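Structure record follows, encoded as structure tokens.
The shown structure was predicted, so the numbers you read here are calculated from the model rather than taken from an experiment.
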Amino acid sequence: MGRLGLIFFFASLLITVAALVSCLSAEEDRLRTLPRWAWVLIILFFSPIGGIAWFIVSRADAAPRRNVWRQGSGFPEAQRPGRPLAPDDDPEFLRRIAKEAKETQAADRELLSKWEMDLRRREEELRKQEKPED
């Protein structure tokens, strides 16, 4: 009889420790029936029954909920009502950026051509200075 009691004691201890570890490491959305602190008290004070109750409720809770909005369900992100557009989704912003890029490119080309003309002029001046000495 003593050995059977010892087996029940260790089984109860194992269930309690496993339930505590599971409860304390569970994500917040799995704790919809009671808060975490209440589950910990139930598991500790009602030793094997509280742990068994935790495992039964947490398994039933593991089923996907249908009332929860998940990202990607419903409207596409760009068409969600009441949502301001991000700059990279706004067509007007993209047009303005493209226009500014073209203007900048034109200004850069003009500056580059001025530099090239200045460089050619300086090279010609250097050649003229070198020719009389030859």
Electrostatic pair E92-R96, nearest N-O below 4.0 angstrom: no
Expected output: side-chain S113 to main-chain E110 donor-acceptor under 3.5 Å: yes
Given E123, M117, E116, the one that forms side chain to side chain contact (heavy atoms under 4.5 Å, CB included) with L119: E123
Test: D118 and K114 ion pair at under 4.0 Å: no
Gap between atom CD1 of I42 and atom CH2 of W37 - 0.5 Å precision: 9.0 Å
Linked, directly or transitively: L14 and L44 (ILVMFWY side chains, under 4.5 Å): no
Cluster overlap L41 with L34, hydrophobic side-chain contacts below 4.5 Å: yes
Expected output: side-chain T104 to main-chain E100 donor-acceptor under 3.5 Å: yes
Residue pair S12 / P48: nearest heavy atoms and the distance that separates them: OG-CD, 3.6 Å
Nearest heavy atoms of R36 and E27, plus distance in Å: NH2-C, 4.5 Å
From L6 atom CG to F9 atom CZ, the distance as rounded to the nearest 0.5 Å: 8.0 Å
4.5 Å side-chain heavy-atom contact, V57 and W39: yes
Electrostatic pair E124-R121, nearest N-O below 4.0 angstrom: no
Transitive ILVMFWY side-chain link F46 to F10, under 4.5 Å: no
Distance, nearest 0.5 Å, that separates CD1 of I43 from CZ of F55: 7.5 Å
Same apolar cluster (I L V M F W Y, side chains within < 4.5 Å links), I15/I49: no
Electrostatic pair R122:E125 at N-O distance under 4.0 angstrom: no
Under 3.5 Å: donor-acceptor pair, side chain of S25, backbone of V21: yes
